[in-house]
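When a ligand or atom number is given, it counts from 1 through the structure's own listing order. The shown structure was predicted, so the numbers you read here are calculated from the model rather than taken from an experiment.
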Amino acid sequence: MKIATHTLGCKLNFAETSHLVRQFVQAGYEVVEFHEKADLYVVNTCTVTAVAEKKCRNAIRQAVRQNPAAIVAVIGCFAQNAASEVWKIPGVTLVLGNDRKHELFNLIAQGDALRSSLPEEPKSFQLSYSQGDRTRTFFKIQDGCDYFCSYCAIPYARGRSRCATIADTISMAREIAASGAKEVVLTGVNTGTFGLHTGESFLDLLLALDDIDGIERYRISSIEPNLLTDDIVAFVAHSKRFAHHLHIPLQAGSDKVLTNMRRRYDTGFYANKVQLIKKLMPEACIAADLMVGFYGEGVSEFEEACAYVESLPLSYLHVFTYSERPHTLALRMEGKVPIGERHRRSDVMHAISERKKRQFYAENAGREAQVLWESDVHDGMMYGFTDNYIRVRRPYNASLVNVLQSVVLGTLDSRDDVFDI
Ligand code: SF4
């Protein structure tokens, strides 16, 4: 039997797909590429934007076209939030939302591949990690979110915040260390809420992870600004293994829009946090998610956001164009921004992000840094990242894959945003 998977969306999805695939491989399945003929296709879906949903539909149709006799299992966030729609796509044989996707292997093994029940609120939690497909391992330590930001459908797709205990999480981290992974990215939906309902804390988890031998480097994939406490910043600055790389969603650079979004901080709070990080870790990479075109973002609010972002020592932005999501509070708001204007603002923010990234790279020229070399080869070159997420390139050398090497950031190829060493 052959299995092929296609994963859309976040690092969490990649960790979960990898975990599922390992179950099938242990049972004797052969993994093939998604464009090849397989007996079982698994599409792990995303619902974060309308564009992501369109990509899900395309991937599902592609699987059905390749082998109309195959089992086509659609799992994850889009399957959770739009199960009825997914069931209507001809050729789909199994739809499992986030409530039951972890049962996929057992359902297939039992031949229980034709069911039409609609998903319920996801409540279970399963630690999982990706392996073998990347030098970096994505480690899912948390799921769900209680925040219900007004634009976001994820809490409806992923359920409330939940996690395992620190003891169980550390046990799986030791398993990851034993597998040879050198870099682990801690992933979750709202990672900083780890321990919120179990009486433990995210900082205590970080302290315990820092003591595990074998893993050389951790990254925190993303953490809400209000949950990134000054203690966590100080810990990262002085820890043995945590990279000086923080991804802190900003979402809007105007207090009026942040209020509309129901975010839990204002621009002043966010700016102070960024300044603290730069004070303790001057070379840190700080990335921010930023959404343009949300309800109530008039021209003046957008200009305010541009000036605000320009003023902060951010390294680069992940720019998102707002799109209406089902279930969300925003659908009842006023102040809709025309679609064309949303895209114009996206272009402006992307240009700001590019400038910031160039500046950040230029500031790092001549620095000595530790690079973890990855396995991908392009035109005879291999790539890696420093702890502050600077991309580095050198001629391919198989013995360096998954090896940390000390390098001096020499010549910057600013067209490709990469240092040659
Ligand atoms: S914090 Fe807000 S944006 Fe992030 S997953 Fe939760 S509701 Fe969505």
Glu224: what forms a side chain to side chain contact (heavy atoms under 4.5 Å, CB included) with it, not counting sequence neighbours? Tyr147, Asn190, Asn226, Leu227, Pro249, Arg263, Tyr265
Basic-acidic side-chain contact under 4.0 Å: Lys357, Glu354: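 Judged by the 4.0 Å cut-off on N to carboxylate O distance, Lys357 and Glu354 do not form a salt bridge.
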Listed once per pair and sorted, the salt bridge (Lys or Arg N to Asp or Glu O under 4.0 Å) pairs that draw on residues 14-27, sequence neighbours left out: Glu16-Lys101, Glu16-Lys140, Glu16-Arg158
Number the atoms of ligand 1 from 1 as they appear, then name those within less than 4.0 Å of a heavy atom of Arg263, with their elements. 1 (S), 2 (Fe), 3 (S)
Flag the pair Arg241 and Glu216 as a salt bridge only when some basic side-chain nitrogen lies within less than 4.0 angstrom of an acidic carboxylate oxygen. no
Below 4.0 Å from any atom of ligand 1, is there a heavy atom belonging to Gln251?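 No heavy atom of Gln251 comes that close to ligand 1.
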Any salt bridge linking Glu297 with Arg342? Criterion: basic side-chain nitrogen under 4.0 Å from a carboxylate oxygen.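 No, this pair does not count.
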Charged N to carboxylate O below 4.0 Å: is that the case for Lys123 and Asp99?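 Answer for the salt bridge query: no.
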Under 4.0 Å from a heavy atom of Tyr151: which atoms of ligand 1 are those, numbered in the order shown and with their elements?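 This gives 3 (S) as the contact atoms.
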Using a distance threshold of 2.8 Å, what protein N/O/S atoms lie below it relative to atom 6 (Fe) of ligand 1?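 Under 2.8 Å from atom 6 (Fe) of ligand 1 - ignoring waters, which are not counted - the protein N, O or S atoms are Cys145 SG.
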In chain order, what residues pass the salt bridge (charged side-chain N to carboxylate O under 4.0 Å, His left out) check against Lys240, with sequence neighbours excluded?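 In terms of salt bridge (charged side-chain N to carboxylate O under 4.0 Å, His left out), with neighbours along the sequence ignored, Lys240 is linked to Asp211.
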